[in-house]
Structure formats: C-alpha cells, structure tokens
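Structure record follows, encoded as structure tokens.
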Amino acid sequence: MFRRRESVPFSFVAEADRFRSNVTPPPRERTSVSQLADRSLIGLTVVAGLVGSLILGLPALSTAQDPSHSQQTEAAHGR
C-alpha cells in the first residue's frame, strides 16, 4: 500500500546534478614543437608499417596464377 522510499547508497551521485563548482580548471599546457614532432613521427611510422605490410601481403593474397608457374601432379600428366 505505502511504498517505502529507498535511500540512494551513494548520495553524492544523487546530488551531483545540483552541485556546480565555481572553480575553473587550469588552462591546458601548449604542446611543444618536440612533442608535436614526436607524435607526427610515431604516426608516420605506424602508417608506413601498415602500408608496407599491405604492399608485401598483396602478392600472397592474389588469386590470379600464371599458367607457366601452375603446379601439376603426376596424375594430370597421365602417368
């Protein structure tokens, strides 16, 4: 008949919507030239590795076979 209201075990979660801070976070530090160069070199290294593996892997994935290099068994020659 009467429902008993359950309390929230973490009251700070329930109050989080009402709480507004007046403290502003500190400004972000600007990235230096060396940090920017490091990130660029790491990105280029990763991209170059992916492109290199794609270039080296494509011949293994190709399905076209040259007739002069096809493998034939002895049964195909009628022996």
Nearest 0.5 Å, what's the OG1-CG distance between Thr45 and Leu41?
->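 So the gap between those two atoms works out to 6.0 Å.
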CG on Leu58 to OG on Ser62, rounded to 0.5 Å = 8.0 Å
Cluster check Ile55, Val47: I/L/V/M/F/W/Y, side chain < 4.5 angstrom = yes
For Ser32, all residues meeting side chain to side chain donor-acceptor pair (under 3.5 Å), sequence neighbours excluded =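 Listed in chain order: Ser34.
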Any residue meeting side chain to side chain donor-acceptor pair (under 3.5 Å) with Ser53, in chain and number order, not counting sequence neighbours |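 Ser53 satisfies side chain to side chain donor-acceptor pair (under 3.5 Å) with no other residue.
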